[in-house]
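Structure first, commentary second.
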Amino acid sequence: AADLRSPVLALTMFSMTARTLPLARALFRINTRPGHDVTLTEHVIGEPAVRVLVMTPSEGSTPRPAVLWIHGGGMVIGTPEFEAGGAGRLARELGVVAVSPDYRLAPENPFPAGLDDCMATLRWMRSNAEDLGIDPDPKNPWSDQSTMNKVIDYMFFGVPVLGYDLHESRVSAGDAGRFVTANDERALAKGIGDLLDDTETRRRMGEAGYKRVRETLAVDRMALLLAD
């Protein structure tokens, strides 16, 4: 029904071309706010530098789960500020830390530049989890079924997969992953320490994950199908 349509629907009804891209980017530079009871901070991380917005609930205990909020726009338009309202609402209602990178956009920065920035942000979240008040990968009904993309990203880059024992993580990583008791922070810390002390195991896990992505999960063939 016409009265149920979003007032911004008309903004999406045009073809994306070199001529319309500047207009689309201008429209998606509108800033929104994360809303009440959410603290917004800005950071610059990595090399090349990536600007990152962090939205943290003002109430509740820490550490808490975190969400890497990758703004929409097909990697060619959009900003974290444009979606700060949605990310802030998620942070407030679910009690999570929402982290949104201002990743590089194509076509000026061809693939995988934007993905590299998102991966750099994810690594930054993990390495700074204590400062950000993040509990990495706690097991809950959502995370137990929704970790596939992240795990596959790690394996694609040859990064060893170590984490809490989550169903979807095991399905994705198979024998290329190593898992510890869910939500046991001491077990996770020990697992990280053991891997840091074992260069050969890290190398073997990284190679096994990379091989699984290329051969068993066949992401190259999937990419060709998507391209078609």
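Values reported hereafter were calculated over all heavy atoms of this structure, with side chains retained and with hydrogens, waters and symmetry mates removed.
- Separation of atoms CG (Asp197) and CZ (Arg202) is listed at 8.5 Å; rounding is to 0.5 Å.
- Neither Met55 nor Met125 shares a network with the other; the hydrophobic side chains, linked directly or stepwise wherever heavy atoms of I, L, V, M, F, W or Y lie under 4.5 Å apart, form separate groups for each.
- Rounding to the nearest 0.5 Å gives a distance of 11.5 Å between CZ of Arg25 and OG1 of Thr79.
- Looking at heavy atoms from C-beta onward, Arg33 lies in side-chain contact with Leu40 at the 4.5 angstrom threshold.
- Considering every non-hydrogen atom in both Met155 and Ala173, the closest pair reads SD-CA, 3.8 Å.
- A search for ring pair (Phe, Tyr, Trp, His ring centres under 6.0 Å) contacts involving Phe82 returns Phe28, not counting sequence neighbours.
- Under the 4.5 Å side-chain contact rule for hydrophobic residues, Met119 and Met75 share a cluster.
- Of all the heavy atoms in Phe156 and Tyr210, the pair that sits closest is O-CD1, 3.2 Å.
- Here Thr121 contributes atom OG1 and Asn128 contributes atom CG; the two are 11.0 Å apart, rounded to the nearest 0.5 Å.
- The number of heavy atoms from other shown groups lying within 6.0 Å of CG (Asn31) is above 12.
- Note on Ile45: it clusters hydrophobically with Val99, by side-chain heavy-atom contacts below 4.5 Å among ILVMFWY residues.
- A donor and an acceptor atom, one from each side chain of Asp184 and Thr181, are nowhere located under 3.5 Å apart.
- When hydrophobic clusters are built by joining Ile, Leu, Val, Met, Phe, Trp and Tyr residues whose side-chain heavy atoms come closer than 4.5 Å, directly or via intermediates, Tyr154 is grouped together with Leu115.
- Considering CG of Asp116 and CZ of Phe111, their distance stands at 8.0 Å, rounded to 0.5 Å.
- Counting only residues at least two apart or in different chains, salt bridge (charged side-chain N to carboxylate O under 4.0 Å, His left out) contacts with residues 75-98 comprise Arg51-Glu81, Arg89-Glu93.
- Annotation for Asp165 and Phe179: closest pair CA-CB, 4.0 Å, computed over non-hydrogen atoms.
- Not a single donor-acceptor pair under 3.5 Å links the side chain of Thr56 to the backbone N or O of Val97.
- Across all non-hydrogen atoms, the minimal contact from Pro80 to Ser100 is CB-OG, 3.2 Å.
- Using a 4.5 Å cut-off on side-chain heavy atoms (C-beta onward), Phe157 and Val213 make no contact.
- Here the side chains of Leu68 and Pro101 are in contact, with some heavy-atom distance below 4.5 Å.
- Closest approach of Val44 and Ala49 over heavy atoms only: CG1-CB, 3.7 Å.
- Residue Leu23 is grouped with residue Ile30 when hydrophobic side chains (ILVMFWY) are merged at heavy-atom distances under 4.5 angstrom, including chains of intermediate members.
- A distance of 6.5 Å separates CD of Glu108 from CG of Leu21, quoted to the nearest 0.5 Å.
- Side-chain atoms of Val161 and Ser172, non-hydrogen and from C-beta on, never get closer than 4.5 Å to each other.
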Walk me through whether Glu200 and Arg203 qualify under salt bridge (Lys or Arg N to Asp or Glu O under 4.0 Å). CA-CA 5 Å; Glu200 177 59 26; Arg203 182 194 63 77; 2.2 Å; yes
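- When all heavy atoms of Val180 and Leu162 are compared, the closest pair comes out as CG1-CD1, 4.3 Å.
- To the nearest 0.5 Å, atoms CG (Leu217) and CZ (Arg212) are separated by 5.0 Å.
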